[in-house]
Peer 1: 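This is the structure I want to talk about, given as structure tokens.
What you see below is based on every heavy atom in this structure, not just the backbone, and it leaves out hydrogens, waters and symmetry mates. All figures in this text were calculated on a predicted structure; none of them were measured in a lab.
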Amino acid sequence: MTDIPRRAVSRTAKLAALPLGFAGRTVLGMGKRVTGLASDVISAEIQQRTAEQLFSVLGQLKGGAMKFGQALSVFEAALPEEVAAPYRQALTKLQEAAPPLPVASVHKVLAEQLGPDWRDLFVEFNDTPAAAASIGQVHRARWREPGFDESGAPNSRDVAVKIQYPGAGEALLSDLKQLSRLGGMFRAIQPGLDVKPLLVELRERITEELDYELEAESQRAFAAAYADDPEIYIPQVINAAPRVLVTEWVTGTPLADIIREGTEEERDEAGRLMATLHLSAPQRAGLLHADPHPGNFRLLPDGRLGVIDFGAVARMPEGTPEPIGRIAAMALRGDADEVVAGLRSEGFIGATEQIDAEGVLDFIRPMLEPIAADGFRFTRAWLRAEAGRLASPRSPTYQLSRQLNLPPSYLLIHRVTLGSIGVLCQLEAKAPYRSILERWLPGFAPVA
């Protein structure tokens, strides 16, 4: 058996073991019910053991499993604290760590993508990866620039060299196919959590993320839109090939570190900058950064937010759809009938669906609490409360939600917005979010 099939079998075995372990814990729970142990204790124990195994396996894998783990980690703040707390560190590691590619494989990819004389392009190249992600790893290097300095040394600058794992595409598809079978596990960790739409959307983005030349095009568009911006920094693209991307090196504090140990002031400012990027990019660049996990952001020494990954980007040449801002403003004003009419026109409510307008308003208003006043602090407790309100089958909100649709054209916007909110709740950041919407969200006029 060659190395590649052997690794594939190993990956599949690890993923296949997850539902078996879950089934065993479910039987354990049934047995404890017979002995009279409280159901909430059983549930918490199953949640913890399931989360521990799930996060452990995801952390050992590249490809789709790790990418899914990164996407899921954004929503960590919505998990019950007794489940989330022991594994918060493991989730953070998913965002920036993976087993490194052997040095010989790194050099082979560089030669294939940049040419046999690739070393001549660099003054220095560090063979030890500085970071790793789901489909590639990043090396620090010094890119050779034209000319020489006063001492006769060649001009150069610090760069990040992103190298795609060989076979990453096949691994992504294989892992996501396996993970699509694990919906029951995620419901055990967080009842009401439906991972299938997330997996479908991740599959749709795989082709784009595997094309580093397409990523370079997106990054150049972002860099042009935010050139000399006082709040957002986008590194320049230096060189690009299908599986290698060279960009300016970004020095700053990873957002994961700020979440874990940043001051309140740092966390608040990081949250304000994240919200500004999320809301302004469609209007300024015609693009939406669609991968808001903390590993993609740095807080720079000069206070700007550095963005370092553009593999997942939504193209929005006309900006954010105007109905989003208009319907949100109507909901804040309490215009129930107008809200229903707006949702119906966009396909969120069926054309013939009979629905309680005041119930729809009651459904939406709590979600808009962060923009109902001039300032708001996102917290894990707020997100857990909202997740519970929306996910409990006994809740009137849950029953009403079954009458609502999510049009395909809004799926990516919805997912990215939820991911950004998850990060803001991890930061527990307070900022004037309503004023950011007033500036950047079409249709969202100032609320009286």
Peer 1: Give the ring-plane orientation class for Trp118 versus His107, where under 30° counts as parallel, over 60° as perpendicular and anything between as tilted.
Peer 2: tilted
Peer 1: Determine the minimum heavy-atom distance between Gly311 and Glu209, stating which atoms define it.
Peer 2: O-CG, 3.2 Å
Peer 1: May I have the step-by-step check of side chain to side chain contact (heavy atoms under 4.5 Å, CB included) for Gln219 and Leu245, ending in yes or no?
Peer 2: CA-CA 11 Å; Gln219 185 162 340; Leu245 179 62; 4.2 Å; yes
Peer 1: Evaluate the ring planes of Trp382 and Phe376, with Trp represented by its six-membered ring, and classify them as parallel (under 30°), tilted (30 to 60°) or perpendicular (over 60°).
Peer 2: perpendicular
Peer 1: Could you tell me whether a side-chain N or O of Ser105 sits under 3.5 Å from a main-chain N or O of Leu101, the two making a donor and an acceptor?
Peer 2: no
Peer 1: Looking at Asp291, is its backbone amide N or carbonyl O close enough to the side chain of Asn296 to form a donor-acceptor pair, meaning the two atoms are under 3.5 Å apart?
Peer 2: yes
Peer 1: Start with the C-alpha gap between Gln113 and Tyr212, add the side-chain angles, then the distance that decides, and say whether side-chain hydrogen bond (donor to acceptor under 3.5 Å, both in side chains) holds.
Peer 2: CA-CA 11 Å; Gln113 299 294 302; Tyr212 282 0; over 6 Å; no
Peer 1: Is it the case that Ser218 and Arg315 place a side-chain donor and acceptor less than 3.5 Å from each other?
Peer 2: yes
Peer 1: Please set out all donor-acceptor pairs under 3.5 angstrom arising from side-chain atoms of residues 222-242, sequence neighbours excluded.
Peer 2:
unit_1 : atom_1 : unit_2 : atom_2 : d
Tyr226 : OH     : Ser280 : OG     : 2.6
Tyr226 : OH     : Ala281 : N      : 3.1
Asp229 : OD1    : Arg284 : NH1    : 2.8
Asp229 : OD1    : Arg284 : NH2    : 3.0
Asp229 : OD2    : Glu231 : N      : 2.8
Asp229 : OD2    : Ile232 : N      : 2.8
Glu231 : OE2    : Arg272 : NH1    : 2.7
Glu231 : OE2    : Arg272 : NH2    : 3.0
Tyr233 : OH     : Glu248 : OE1    : 2.8

Peer 1: Check the pair Leu383, Thr379 against side chain to side chain contact (heavy atoms under 4.5 Å, CB included), reporting the backbone distance first and the verdict last.
Peer 2: CA-CA 6 Å; Leu383 186 59; Thr379 65; over 6 Å; no
Peer 1: Between Ala290 and Val416, what is the shortest heavy-atom contact and its length?
Peer 2: CA-CG2, 3.6 Å
Peer 1: Looking at every heavy atom in both Val138 and Ala160, which two are closest together, and how far apart are they?
Peer 2: CG1-CB, 3.8 Å
Peer 1: Within the 4.5 Å heavy-atom criterion, are Ile163 and Val161 side-chain neighbours or not?
Peer 2: yes
Peer 1: Any side-chain heavy atom of Thr247 sitting closer than 4.5 Å to one from Lys162?
Peer 2: no
Peer 1: Is any side-chain heavy atom of Ser156 closer than 4.5 Å to a side-chain heavy atom of Arg144?
Peer 2: no
Peer 1: Taking it one step at a time, do Phe378 and Leu427 satisfy side chain to side chain contact (heavy atoms under 4.5 Å, CB included)?
Peer 2: CA-CA 8 Å; Phe378 281 97; Leu427 285 164; over 6 Å; no
Peer 1: Return the minimal non-hydrogen interatomic distance between Pro301 and Thr251, and the atom names on each side.
Peer 2: CD-O, 3.5 Å
Peer 1: Applying the side chain to side chain donor-acceptor pair (under 3.5 Å) criterion to Arg140, which one of Thr128, Asp158, Asn126 satisfies it?
Peer 2: Asp158
Peer 1: At what distance, to the nearest 0.5 angstrom, does CZ of Arg415 lie from CG of Leu412?
Peer 2: 5.5 Å
Peer 1: Are side-chain heavy atoms of Met316 and Leu287 found at a separation under 4.5 Å?
Peer 2: no
Peer 1: Can a salt bridge be assigned to the pair Arg119 and Glu124 using a cut-off of 4.0 Å between side-chain N and carboxylate O?
Peer 2: no
Peer 1: Test ring pair (Phe, Tyr, Trp, His ring centres under 6.0 Å) on Phe297 and His289; report intermediate values, then the result.
Peer 2: CA-CA 11 Å; Phe297 304 95; His289 189 282; 5.4 Å; yes
Peer 1: Quick one: closest heavy-atom pair of Arg434 and Phe444, and the distance?
Peer 2: CG-CE2, 3.9 Å
Peer 1: Does the side chain of Phe122 reach to within under 4.5 Å of the side chain of Arg142, using non-hydrogen atoms?
Peer 2: no
Peer 1: Side-chain contact, heavy-atom cut-off 4.5 Å: Glu428 with Ile259?
Peer 2: no
Peer 1: Enumerate the ring-ring contact (aromatic ring centres under 6.0 Å, His included) contacts for residues 260-281, please, sequence neighbours excluded, ordered by first and then second residue.
Peer 2: none
Peer 1: Can you find a pair of side-chain heavy atoms, one from Trp143 and one from Val123, that are under 4.5 Å apart?
Peer 2: no
Peer 1: Kindly indicate whether the side chain of Arg157, heavy atoms from C-beta on, has any atom under 4.5 Å from the side chain of Glu145.
Peer 2: yes
Peer 1: Identify the heavy atoms of Pro292 and Met274 that sit nearest to each other, and give their distance.
Peer 2: O-CE, 4.1 Å
